[in-house]
Amino acid sequence: MTDKNYINIDNLISLGSFEVTEAEKKEFEAELADFLEYARVIKSAPQHLAPASHAVEKEQLFRSDAIEPNQYLETLLRNAPALQGTSYLVPPLAGGAGTDEERRAEAVKGKDAVYEVVIGLEVHAQLNTKSKLFCSCPTLFGSDPNSNTCPVCTGQPGALPVLNTEAVRMAVMAGLAMNSTINKRSLFARKNYFYPDLPKGYQISQFEEPVCTGGSVEIEHKGKINKIRLNRIHIEEDAGKLVHVGAPGIWGSKASAVDYNRSSVPLIEIVTEPDLSSPDEAREFMIILRAILVSLGISSGNMEEGNLRCDANISVREKGDAKLGVKVEIKNMNSLKAIERALAYETARLEQMKRAGVPIEQETRLWDESGQKTYGMRTKEESHDYRYFPDPDLLPLEIGEAWIKGLKKTIPPLPLERKKRYEKSHSLAESEARLLMVNPGYADFFDKALGSYDNPRNLANWIFSELLSYESDFSRIHIDPADFSRFLKKIDSGEISGRIGKEMLKKAFTEKKGLMEIIEREGVKQITDSAAIEKAVDEVLRSNKKQAEEYQSGKSKVLGYLVGEVMKATRGKANPGMVNEMIRKKLGK
Ligand code: ADP
Ligand code: ZN
Ligand code: MG
C-alpha cells in the first residue's frame, strides 16, 4: 500500500463506521497521504547506505506519559531500514544522500577530478590583561583551582558585569594592526548553551556588531605575498576548565571537576575569510598572526598552554568551481604541527569521499593527537541554535575617534616589514631575518641592542649562537639589551677577549645576574699594559727553558704553547696579540 491512490478513503470511512463531515474527510485524507508518503520514502531508501545520519530513540517518539499511544508511528517505524538496540536508524533527510544514480555519477566524475582545498580559521587569543573581562579577578595562570573567582565570573544571581577597558584597547590594537575597520559602536551578545564550564548558561560574546570588521593579514608563502582577508575580530569571555579524573578527556573518566579561574578571561576571536589554500599556508598564517599579537604585547601566543587556539574550517571543491564545498570544522588542535597534520588528514579524507561520491555533511570533528586522525563530534550547530541576543546588562560599546588615533601611533611594524628591514638594512640572511620575525621577543631585543651598537652582523651572531643557547624564550631573558651592547663594545675594543666574554655570559645566566655586574665583579679587564705582559712572559720563558730553545732552533709550533702558558698565567686576561709579539721579540724570531 505504497500508492496513495490505492486507498479509497470512502471505503475506509464506511468500514470504520465513522461519521465525518466533508471537511474532516479531506483533512483525514491529507494526513494519511503524508504518512504513506513517509513510509514510501523509508521503504525505498537504499539498504546499503550507512544510515547513521540520525538515530531515533523510540522513547523520544513514544512518551510513557502520552495519553494515547501513537499507532501510526509504530507502524511507520516497522519500515525503518535498520534497528540497533532501541534505536531506529533512519536515512538522511531528502536531498542529503541523493539517489543511487547520482551517487554513481559523482563517483565516475571523481576518478580523474582535480580538487582544491579551501580553509578558513577561527582563532581565539587570550588577552594579556591583569584582570578578567567583566570583573576584577586576576587572570593569573596556575593559581589554586577556583581561587580567582567572584560572583560575576561564576554567574551568581544579581551579579553585574563591568567591561574591562584594557581588553577593549587590546582588541582595537589587534584590529589596527590587521587593517580592520574599528567600529565606533559595538554590542555584547549572549550566546546561550549549557556546559558545566559555563556557569551563567551563556557566554558573553559579540555577534551582530563586533568591535572590528574586515581587515587582512599579509603572509609570505612559497615566495609569494598573500593577503588573507579577515571577516571580523570580536571580544568574548573564556569558559572555565573541566578537569577529568582518571582519563585525559571526559570519555572514560570517573568524574569531572570544574575550575572557574579561566571563566571570563578576555579573548579576541579573529575570523578569516576562506582564503587559505593549503594546510601549510594555514600554519604560516598562524605563525604570522602570532607574531603580530606578541609584538603588540596583547597576547603571549603560547599554543601549548592554550593561549592561542584555532578552529579550522575546511572544504574541498573541484578546481575551478566557483561554489564552495560543504565545510567541516576541526577543533582541538594544540600546536602548529597539529593544525597542519589535522588539515592534511582532513584534506585527504574529504577528497577521498568526493572521489567515491559519498556526500559530505557539515559537521564538527575533533583532532585526536595520539591517533593522528579526526573523528566526528557532532553535526554542526548553526548560529541561530545559540539564540544570540544583546546582553541587557551591558551598554553598547562606544569608541572615540581620538582614542583610536592615539592607539594607531603605538602599532609596531608588521612582521613582513620587519623581516624586509633585517634583510635589506641589516644584511641578515633570509633565515635569520625570519627567525627574528617569527619571534618578536628576539627581534625586540635585537632592535633595542642595536640602538646603541652599530654592528648588526656581529650582534646577530652573538644572539643566535650564544644567547639562544641559554634561553630560547626571550620573554624570560634577564639580560638587558643596552647592557649587551656595552658588552659587545668591550669585546670589539679589545677591553675583554671574546673567550672571556663568553665565560662572563655563562656566569650571568647560571647566576641570573646582570652582565655588567658580573664583568665588574670578576675584574676581567683585558691586560694591555705592556709592562704587566712582559712580566708574565718573562716568568713563562724562565720556567719553560726547553720549549724556548726548541722554538729558537726552528720548531715554530711551540710558540702557540708558550702563548697559551702566558694566557693561563694571566687567567686569560692578557691581550693575546701583544703576548705573541713579545715572545717572538724576546726569543729573537
Ligand atoms: P558558521 O556560520 O558556520 O560559523 P561562517 O560563515 O561564519 O560559518 O564561517 C566560519 C569560518 O569558516 C570562517 O573562517 C570562514 O572563512 C570559514 N568558511 C566558511 N565557509 C567555508 C567553506 N565552504 N570552506 C572552508 N571554510 C569556510
Ligand atoms: Zn570574577
Ligand atoms: Mg560564524
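All ligand and atom numbering here is 1-based and tracks the order in the structure. Because the structure is a prediction, the values reported are computed rather than measured.
For the pair SG of C135 and SG of C137, the angle whose vertex sits at the Zn ion (ligand 2) is 110° to 10 degrees.
With contacts defined as side-chain heavy-atom distances shorter than 4.5 Å, the pair C150/K132 does not qualify.
Residue G325 has at least one heavy-atom neighbour below 4.0 Å for each of these atoms of ligand 1: 23 (N). Listed by number with element, the atoms of ligand 1 under 4.0 angstrom from any heavy atom of P274 are 16 (O), 26 (N), 27 (C). Heavy-atom proximity to L121, at under 4.0 Å, picks out these atoms of ligand 1: 14 (O). Atoms of ligand 1 lying under 4.0 Å from any heavy atom of V271, numbered from 1 in the order shown and given with element: 13 (C), 14 (O).
Here the side chain of N334 pairs no donor or acceptor atom with the backbone of E304 at under 3.5 angstrom.
Of the N and O atoms on the side chains of N148 and S143, at least one donor lies less than 3.5 Å from an acceptor on the other residue. In this model, no donor atom of one side chain and acceptor atom of the other lie less than 3.5 Å apart for H478 and E471.
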Please test T149 against N261 for side chain to side chain contact (heavy atoms under 4.5 Å, CB included), starting from the C-alpha separation and ending with a verdict.
-> CA-CA 6 Å; T149 55; N261 281 350; 4.1 Å; yes
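The parts of N313 lying near ligand 1 are both backbone and side chain, judged by heavy-atom distances below 4.0 Å.
Which of K327, E382, E329, E273 comes nearest to atom 3 (O) of ligand 1 through a heavy atom is settled by distance: it is K327. Proximity annotation for atom 13 (C) of ligand 1: of T272, D275, N231, T272 comes nearest, heavy atoms only.
Using cut-offs of 30° and 60° on the angle between ring planes, the pair F474 and F445 is perpendicular.
In terms of N/O distances under 3.5 Å, ligand 1 is not approached by L324.
Between Y422 and F446, the distance separating the two ring centers is shorter than 6.0 angstrom.
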